[in-house]
Protein chains: 2
Amino acid sequence: MRAENRCVYVSGMDRKRADLIADELEGLILEGTYKDGARLDEVQLAERFEVSRTPVREALQRLSQSGLVEQIPRRGVFVRQPGPVELLEMFEVMAELEAASARLAASRISDQALSDLHVANSRCDEAVAAQDADGYYLENERFHAILYRQSGNGFLEQECLRLYRRLQPFRRMQLRARGRLPQSMAEHKAIVTALEKGDGEAAAVAIRGHVAVQGEKFHHLMASLKHAAE
Amino acid sequence: MRAENRCVYVSGMDRKRADLIADELEGLILEGTYKDGARLDEVQLAERFEVSRTPVREALQRLSQSGLVEQIPRRGVFVRQPGPVELLEMFEVMAELEAASARLAASRISDQALSDLHVANSRCDEAVAAQDADGYYLENERFHAILYRQSGNGFLEQECLRLYRRLQPFRRMQLRARGRLPQSMAEHKAIVTALEKGDGEAAAVAIRGHVAVQGEKFHHLMASLKHAAE
DNA sequence: GTCAAATTTTTTGTATACAAGATGGAAATT
DNA sequence: AATTTCCATCTTGTATACAAAAAATTTGAC
């Protein structure tokens with residue numbers, strides 16, 4: 001047999017049922033179908049997905065690890081949406097991780113990546129002009145993903161992506177505030193400028209302010225949380 | 001302002017077998033009993049722990065999530081020790097997370113905590129004088145744990161603790177270098193001084209230098225890795 | 001009628017049974 | 001002899017069966 005048959009990270013491979021269920025449940029929780037505190041019944045889910053309890057349990061354990069649900073031994077698993085305090089904490093950590101990314105990237109970033117950042121920003125601009133929220137989110141994500149990558153630290157990149165995904169639904173809420181999009185764009189440009197100058201500290205400060213929840217953003221987040229909770 | 005009172009590891013709660021197996025396996029991997037790349041056979045482990053495959057599988061999935069093993073679908077799970085590059089990356093992230101903790105703590109830390117830091121440092125000093133490595137590690141951990149807590153950000157605290165635990169065995173290697181302990185102590189004191197002055201940036205810089213792997217520390221880490229690999 | 005103890009029911013955790021994919025080697029073909 | 005194909009075996013993934021712990025309900029005493 002050929003040694004080159006090393007299946008390294010083929011993401012699209014046929015995954016097991018448990019994986020699919022985990023993804024599906026994650027979506028349902030993040031999208032709010034299962035409210036905070038709701039119990040996730042194993043047998044119900046098994047029936048719903050037309051599988052046995054085994055893959056359902058596996059999926060639930062995965063969600064438990066990633067923090068979306070809480071598993072109380074011999075009691076069951078419950079949806080655990082972060083409250084206002086925890087959300088602020090998570091955004092604060094996100095800000096710090098991104099600041100670290102930016103600081104490291106300032107001295108490591110490639111010209112190609114800088115140009116990619118400009119492209120992503122231009123597309124963001126277009127999306128803002130076209131009132132295309134989805135397009136904006138997509139290019140915004142690309143912008144941040146490039147930054148993580150350019151930190152030159154693969155582990156940091158993964159951690160950033162993990163938290164970014166976790167906060168995605170709340171970021172969406174947050175940006176809905178009128179007038180935030182142009183300001184957000186200006187911040188993006190300031191970040192790129194700092195990176196072009198190779199000024200890590202400036203880039204870190206800029207992105208920290210970009211991500212952190214403060215001032216008006218705080219009130220908007222609280223308002224949207226209230227709205228989502230009912 | 002106390003955080004939500006959620007069930008954080010009630011000591012006496014009898015945990016399920018899968019949890020105990022996960023802890024046991026984690027220890028075995030970190031301590032090096034299972035080398036990098038080794039396959040963890042479900043039935044073997046089941047026999048070894050005298051349980052069925054079910055709790056073993058649950059434990060393995062947990063380890064897979066925390067990154068200690070890699071699970072290749074329909075192939076098995078394999079021990080995945082971080083290589084030199086990944087280790088450096090992890091230490092870099094640890095340094096940034098701790099720097100963030102320190103920066104935030106500078107404006108939020110309580111007098112009580114400052115005094116606790118002094119106590120931990122004194123005990124570290126004593127341990128160094130007595131050549132008591134274990135004592136040093138214990139008090140060092142306490143020192144850092146206090147810092148995380150004083151960041152005032154529970155999420156950040158948890159993330160720091162998670163990475164700290166993951167890096168524990170390598171930190172141990174690293175500190176074995178002759179002369180590192182006194183220097184490490186001096187760094188601790190500089191951190192406390194910065195915190196007392198409320199100078200977040202200084203504290204961040206100090207702890208970043210304290211945690212990062214650079215200069216001599218780099219060579220020691222590489223040497224100990226080589227030694228551990230054979 | 002209220003409260004409490006006991007029993008029933010439900011649900012989680014574990015064991016075992018079964019199915020499908022992967023591994024390795026032998027047989028067959030070139 | 002080398003390579004390919006096929007088959008036996010082993011391992012993982014899923015289903016089902018069973019055990020134990022919690023929740024719910026009934027029963028009984030006051």
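In what follows, chains are A, B, ... by sequence order, proteins preceding strands, each numbered from 1.
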Give every residue pair that meets the salt bridge (charged side-chain N to carboxylate O under 4.0 Å, His left out) criterion with at least one member in residues 145-155 of chain B, sequence neighbours excluded.
->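 For residues 145-155 of chain B: B/Arg149-B/Glu157.
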Whole-Å distance separating the [atom1] atom of [X] from the [atom2] atom of [N]:
X: B/Glu58; N: D/dT14; atom1: CD; atom2: C1'; value: 15 Å
X: B/Leu60; N: C/dT14; atom1: CG; atom2: P; value: 14 Å
X: B/Arg15; N: D/dA20; atom1: CZ; atom2: C1'; value: 19 Å
X: B/Gln61; N: D/dT12; atom1: CD; atom2: P; value: 12 Å
X: B/Arg17; N: D/dC18; atom1: CZ; atom2: P; value: 18 Å

Should the ring pair A/Tyr136 and A/His188 be called parallel, tilted or perpendicular, given that the plane angle runs from 0 to 90° and is split at 30 and 60?
->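 Parallel.
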So, is B/Thr54 close to the C/dT14 phosphate, meaning a side-chain N or O under 4.0 Å from OP1 or OP2?
->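 Indeed not, no polar side-chain atom of B/Thr54 lies that close.
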Of the candidate nucleotides C/dT14, D/dA15, C/dG13, which contains the atom at the shortest distance from the side chain of B/Ala18?
->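 Minimum distance to the B/Ala18 side chain belongs to C/dT14.
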Cation-pi check, A/Arg171 onto A/Tyr164 ring (under 6.0 Å, within 45° of axis) |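 Ring-cation test returns yes.
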Base versus backbone protein contacts along nucleotides 6-12 of chain C [heavy-atom cut-off under 4.0 Å; B, S, -] = -----SB
Do A/Asn153 and B/Leu88 touch side chain to side chain, with heavy atoms closer than 4.5 Å?
->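 A/Asn153 does not reach B/Leu88 side chain to side chain.
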Do A/Val119 and A/Phe143 come within less than 4.5 Å of each other through their side chains, counting heavy atoms only?
->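 No, too far: nothing below the 4.5 Å cut-off.
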Is any NZ, NE, NH1 or NH2 atom of the basic residue among B/Glu98 and B/Arg208 found under 4.0 Å from an Asp or Glu carboxylate oxygen of the other?
->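 Looking at B/Arg208 together with B/Glu98, the answer is no, because their closest N to O distance does not fall below 4.0 Å.
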